[in-house]
Amino acid sequence: MLPFLLLSLLATAVASVATGPAATYPATQLLNVKDTIKEAETAPSRLPQDLELHENYPIFELDNNSSQSQWKLKLFHRDKLPLNFDPDHPRRFKERISRDSKRVSSLLRLLSSGSDEQVTDFGSDVVSGTEQGSGEYFVRIGVGSPPRSQYVVIDSGSDIVWVQCQPCSECYQQSDPVFDPAGSATYAGISCDSSVCDRLDNAGCNDGRCRYEVSYGDGSYTRGTLALETLTFGRVLIRNIAIGCGHMNRGMFIGAAGLLGLGGGAMSFVGQLGGQTGGAFSYCLVSRGTESTGTLEFGRGAMPVGAAWVPLIRNPRAPSFYYVGLSGLGVGGIRVPIPEQIFELTDLGYGGVVMDTGTAVTRLPAPAYEAFRDTFIGQTANLPRSDRVSIFDTCYNLNGFVSVRVPTVSFYFSGGPILTLPARNFLIPVDGEGTFCFAFAASASGLSIIGNIQQEGIQISIDGSNGFVGFGPTIC
């Protein structure tokens, strides 16, 4: 079968997907050093502080009898939120990697112990929060009736939907006023004997009301009351979504009101909607340093024609996570000699490859990473090296370069598709002086995690009902 090319791979940042045994792709591409450094010097954006919510809008109310349609939200990059903005790029980078390490440690502990954390089509624009420990991208939704606009983190690796609530005995700083359930006509607490409460791990009971608690492993947590509430996405109104109303919250969610869990479990936002969206959603994570927004889209109508589809693997020990079959890695058009078994999910639920929006840097088992890194170093011998920075042991001094030619980097997926990354998705600036690092790291276990740096600018589609993950064809 002829290779399917998302877009011609010219000077910079374009991903390509090839399929079939005869699939080919370019061996090298250009990294625009000067422009990439400039983009890292980000500035806060004028993000929407209020949703366009009007009583005369034609409201689409989702219920069990709703037919499917398609809705989209905007995704925002967290670095752009004025509340979180820090003009010092090296400091932003250091804090981001520190949080990322905590995120990875949390996932490794969760997956090693085997414990679980606890409509029609629609969507929104997505904002990336590169400094969030448990999710790096934001969407803006309405909570309650009348709807109160709130930024929430999206997280493909967790299930609970929650926001900070009044009265708040312990709250972190957020961009919007803390949600007050007393001002919502549709807020309804859930009783302890409810079947919804039974779905929670570690559910509690207080005065007959269901209590929830979620800890994220990096020290972050949210505790409060589980309730049914109305959420509004643009013109889409969704009743009776189970959300956590957090009265005690702590962690690295600064700027966001809470979290929109998009994991594969029954209590996630996608899981609660069930057949109304067919378990399907699609997202494009906005690239760093750009003024554009990404998108988050729900429903079967969001599943693109022409994507390269790979099997979605379910792990009963970790139903929240989206696993994919990875068979190998490529550098410069050559497959690196790595045993395929390194990436396999075992019968006991260990290892495997997770797609995660909340992890920034892709992690690989040490033997795979070392072979991958050494192959990349061998093909970049002409570039001046720099000392290691933080978790990155392969860095380059590109000060004074306008652009450099680098080898392509590719993921080989089970079934044949090959995803070739844009150069900016694997060589990233860590300061304003021209130091670029190879944006991969070794995992402390057999688990591999494909992080959001490698996902940026590529349309990712999750078809939960049919069991597939799609790449492309849209470049965002």
Side-chain angles (χ1 to χ4, degrees), residues 1-7 14-25 156-157 262-264 270 278-285 297 300 302-316 318-331 333 335-336 338-346 349 351-357 359 362-365 368 372 408-422 425-426 440 446-476:
M1 182 165 50
L2 291 177
F4 171 68
L5 194 60
L6 290 180
L7 199 62
V14 182
S16 66
V17 176
T19 58
T24 60
Y25 50 90
S156 66
L262 299 177
V270 179
F281 66 99
S282 181
Y283 60 88
C284 270
L285 304 182
E297 198 166 359
R300 301 220 58 81
M303 297 296 96
V305 175
W309 296 96
V310 301
L312 177 64
I313 301 172
R314 294 295 186 181
N315 183 358
S320 299
F321 294 97
Y322 297 108
Y323 287 79
V324 293
L326 184 69
S327 61
L329 302 165
V331 177
R335 186 162 177 161
V336 180
I338 300 171
E340 190 170 337
Q341 293 80 2
I342 285 181
F343 303 112
E344 288 182 353
L345 179 66
T346 70
V353 181
V354 171
M355 299 276 297
D356 185 35
T357 61
T359 299
T362 290
R363 298 322 202 270
L364 301 167
F372 185 45
T408 54
V409 165
S410 305
F411 292 125
Y412 287 72
F413 289 105
S414 302
I418 302 170
L419 175 65
T420 299
L421 300 177
N425 285 28
F426 59 85
F440 295 84
L447 178 70
S448 298
I449 305 170
I450 299 179
N452 58 54
I453 290 176
Q454 282 66 42
Q455 297 180 49
E456 284 181 353
I458 303 168
Q459 184 178 15
I460 310 291
S461 302
I462 308 293
D463 185 349
S465 294
N466 293 310
F468 286 95
V469 177
F471 297 93
T474 299
I475 300 297
C476 46

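Please read these numbers as outputs of a predicted model, since none were measured by experiment.
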>> Give me the atom names and distance for the closest heavy-atom approach of A280 to M303.
In response: CB-CE, 3.8 Å
>> Determine whether V331 and L329 satisfy the following criterion, side-chain contact (heavy atoms from CB on, under 4.5 Å), listing intermediate values before the conclusion.
In response: CA-CA 7 Å; V331 177; L329 302 165; over 6 Å; no
> Among pairs that include at least one residue of residues 462-476, which meet salt bridge (Lys or Arg N to Asp or Glu O under 4.0 Å), considering only residues two or more places apart or in two chains?
Replying inline: R300-D463
>> If we ignore hydrogens and angles and just use 3.5 Å, is the side chain of Y322 paired with the main-chain N or O of D356 as donor and acceptor?
In response: no
> If you round to the nearest 0.5 Å, how far is CD of Q459 from OG of S282?
Replying inline: 4.0 Å
>> To the nearest 0.5 Å, what is the distance between CD1 on I462 and OG on S156?
In response: 7.0 Å
> Do S327 side-chain atoms and E340 backbone N/O form a donor-acceptor pair below 3.5 Å?
Replying inline: no
>> What's the separation between atom CG in L364 and atom CG in L326, rounded to the nearest 0.5 Å?
In response: 8.0 Å
> Sequence neighbours excluded, which residues qualify as ring-ring contact (aromatic ring centres under 6.0 Å, His included) partners of F372?
Replying inline: F438, F440
> What do the steps show when you test T362 against I453 for side-chain contact (heavy atoms from CB on, under 4.5 Å), and what is the final call?
Replying inline: CA-CA 8 Å; T362 290; I453 290 176; over 6 Å; no
> Got a second to check how far I458's CD1 is from N425's CG, nearest 0.5 Å?
Replying inline: 5.5 Å
> Considering all heavy atoms of both residues, which atom of A307 and which atom of G472 are nearest to each other, and what is their separation?
Replying inline: CB-O, 3.1 Å
> What do the steps show when you test F468 against S461 for side-chain contact (heavy atoms from CB on, under 4.5 Å), and what is the final call?
Replying inline: CA-CA 8 Å; F468 286 95; S461 302; over 6 Å; no
> Under the side-chain hydrogen bond (donor to acceptor under 3.5 Å, both in side chains) criterion, do Y283 and Q455 qualify, and how do the steps go?
Replying inline: CA-CA 10 Å; Y283 60 88; Q455 297 180 49; 2.6 Å; yes
> Where do V310 and P417 come nearest, in terms of heavy atoms and distance?
Replying inline: CG1-CG, 3.7 Å
> To the nearest 0.5 Å, how far apart are CZ in F343 and CD1 in I338?
Replying inline: 4.5 Å
> Closest approach of T357 and N452, non-hydrogen atoms and distance?
Replying inline: O-ND2, 2.8 Å
> For the atom pair CG (N315) and OG1 (T346), what is the distance rounded to the nearest 0.5 Å?
Replying inline: 8.0 Å
> Which heavy-atom pair separates A318 from Y323 by the least distance, and what is that distance?
Replying inline: CB-OH, 4.1 Å
> Between S410 and T420, is any side-chain donor less than 3.5 angstrom from a side-chain acceptor?
Replying inline: yes
> Looking at the rings of F471 and F411, which for Trp means the six-membered one, are their centres under 6.0 Å apart?
Replying inline: no
> Who pairs with P311 by side chain to side chain contact (heavy atoms under 4.5 Å, CB included), at least two apart in sequence or on another chain?
Replying inline: none
> Considering all heavy atoms of both residues, which atom of G279 and which atom of S465 are nearest to each other, and what is their separation?
Replying inline: N-OG, 3.9 Å
>> Among T359, V354, V353, exactly one meets side-chain contact (heavy atoms from CB on, under 4.5 Å) together with I450. Which residue is that?
In response: V353
